[in-house]
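The structure appears right after this line, and notes come after that.
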Amino acid sequence: MYTKHPADTVIVLDFETTGLSPNMGDRAIEIGAVKIQNGIVIDQFQQLMNPGFRVSSFIEGYTGITNKMLDSAPSCHAVMDEFADFIQGYNLIAHNASFDQRFLDAELGMLGRQYNGSFVCSMLLARRLYQDVPNHKLGTLVSELDIANNGTFHRALADAEMTARLWLRLIDEVKTQTNLQTVSFDVMRKLSKTSKASIPALFKKLAA
DNA sequence: TGCCAGGCCCTCTTTAGGGCCTT
């Protein structure tokens, strides 16, 4: 049964995959996600999954996820079915969300399952709110903004946790620039789609 | 066998090209 969740409760997710494109046959090999409410992590999800074929040595090196680790992992089908339950009814956040959304759509599509949340991209927001950083890679933003991390990168849960902290920092930045007490997911979504030139006007409108 | 993504965003733009970001 569909449950309406508090609007300020969101799920930050990250996929590790066999490559860049589900349209080219690439599959998910790990999903990590954290559920945050009122700025606090209240739940998490992390699971390796077996794509049914061997991953490249590049992916083994990039993620640290080896074929041996995936041999004993449950199937994408089993993991993504459980993950579909986890995210149901929540809005979603990811760094370069178009990438994670493509894989989520592809994996759930193979199961005949859907989700009803909206995606917002932390990278698009960071490009708008932090224009002076060297680039907008997750690792660079974590370093430049002194975001807490345990030194693990390119693993799903670790990246989801860092993206969650980045999301909270982005909300704080909007609060600072608008003097708003609270900033909703919908405001962040709108901001992520507003051109840089129009952001001062949007902030002025929000602060009014 | 060898090939291969795609959306955003800037600019020397819009009849286009290329860098960024994700694995």
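All values derive from a computational prediction rather than experimental measurement. Side chains are part of it too, since the values below use all heavy atoms of this structure and drop only hydrogens, waters and symmetry mates.
Using atom C1' as the reference point in both dG18(B) and dC12(B), the two lie 12 Å apart (nearest Å). Taking atom C1' on both dT14(B) and dC9(B), the two are 14 Å apart, rounded to the nearest angstrom. Only the C1' atoms considered, dT23(B) is 13 Å distant from dG6(B), to the nearest whole Å. With C1' as the reference atom, dC8(B) and dT13(B) are 15 Å apart, rounded to whole Å.
Nucleic acid contact for Asp100(A): none, since no nucleic acid atom lies under 4.0 Å from a heavy atom of the residue. Contact annotation for Thr63(A): backbone-only contact, meaning every heavy-atom pair under 4.0 Å involves sugar-phosphate atoms and none involves a base. Asn135(A) comes within 4.0 angstrom of the backbone, heavy atoms only, and of no base. Heavy atoms of Ile29(A) sit nowhere under 4.0 angstrom from any nucleic acid atom.
Between dT23(B), dG7(B), dT22(B), one nucleotide has an atom nearer to the side chain of Lys137(A) than all others, and that is dT22(B). In the set dG6(B), dC20(B), dT23(B), dT23(B) carries the atom at the smallest distance from any side-chain atom of Phe58(A). Closest to the Arg102(A) side chain, of the nucleotides dC21(B), dT23(B), dT22(B), is dT22(B).
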Check your understanding: Does the pair Asn135(A) and Thr140(A) meet the rule for a side chain to side chain donor-acceptor pair (under 3.5 Å), with working shown?
Key -> CA-CA 7 Å; Asn135(A) 60 62; Thr140(A) 301; 2.7 Å; yes
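Between Arg102(A) and Asp105(A), none of the side-chain N atoms (NZ, or NE/NH1/NH2) sits under 4.0 Å from a carboxylate O, so this pair counts as no salt bridge. Classification of Arg155(A) and Glu16(A) as a salt-bridged pair fails, no side-chain N sitting under 4.0 Å from a carboxylate O.
Across all their heavy atoms, Gly89(A) and Asn116(A) have their closest contact at N-OD1, 2.7 Å.
The 5' end of DNA chain B is approached more closely, in terms of each residue's nearest nucleotide, by Leu124(A) than by the other of His136(A) and Leu124(A). With DNA chain B read from its 5' end, the first of the two nearest nucleotides for Ser192(A) and Ile59(A) is the one closest to Ser192(A).
Not one side-chain nitrogen or oxygen of His95(A) sits closer than 4.0 Å to the OP1 or OP2 atom of dC21(B). Listed pair Asn23(A) / dG6(B) meets the phosphate criterion, a side-chain N or O lying under 4.0 Å from OP1 or OP2. Side-chain N/O atoms of Lys193(A) include none lying less than 4.0 angstrom from OP1 or OP2 on dC8(B). Here Arg128(A) does not reach the OP1 or OP2 of dC8(B): none of its side-chain N or O atoms lies under 4.0 Å away.
Spacing between atom CG of Asp159(A) and atom C1' of dC21(B) amounts to 13 Å, rounded to whole angstrom units. One atom, CG of Asp26(A), and another, C1' of dG6(B), lie 13 Å apart when rounded to the nearest Å. As a whole-Å value, the separation of Arg127(A) CZ from dC9(B) C1' is 7 Å. Remark: C1' of dT22(B) and CZ of Phe15(A) are 12 Å apart, rounded to the nearest angstrom. Distance, Gln101(A) CD to dT23(B) C1': 17 Å, rounded to whole Å. Across the protein-nucleic acid pair, Asn96(A) atom CG and dG7(B) atom P stand 11 Å apart, rounded to whole Å. Nucleotide dC8(B) holds its C1' atom 13 Å from the CG atom of Leu125(A), rounded to whole Å. Taking atom CZ of residue Phe103(A) and atom P of nucleotide dC21(B), one finds them 19 Å apart after rounding to whole Å.
From Ile199(A), atom CD1 reaches atom CG of Leu129(A) across 6.0 Å, with rounding to the nearest 0.5 Å.
A donor-acceptor distance shorter than 3.5 angstrom exists from the side chain of Asp159(A) to the backbone of His154(A), with no hydrogens or angles considered.
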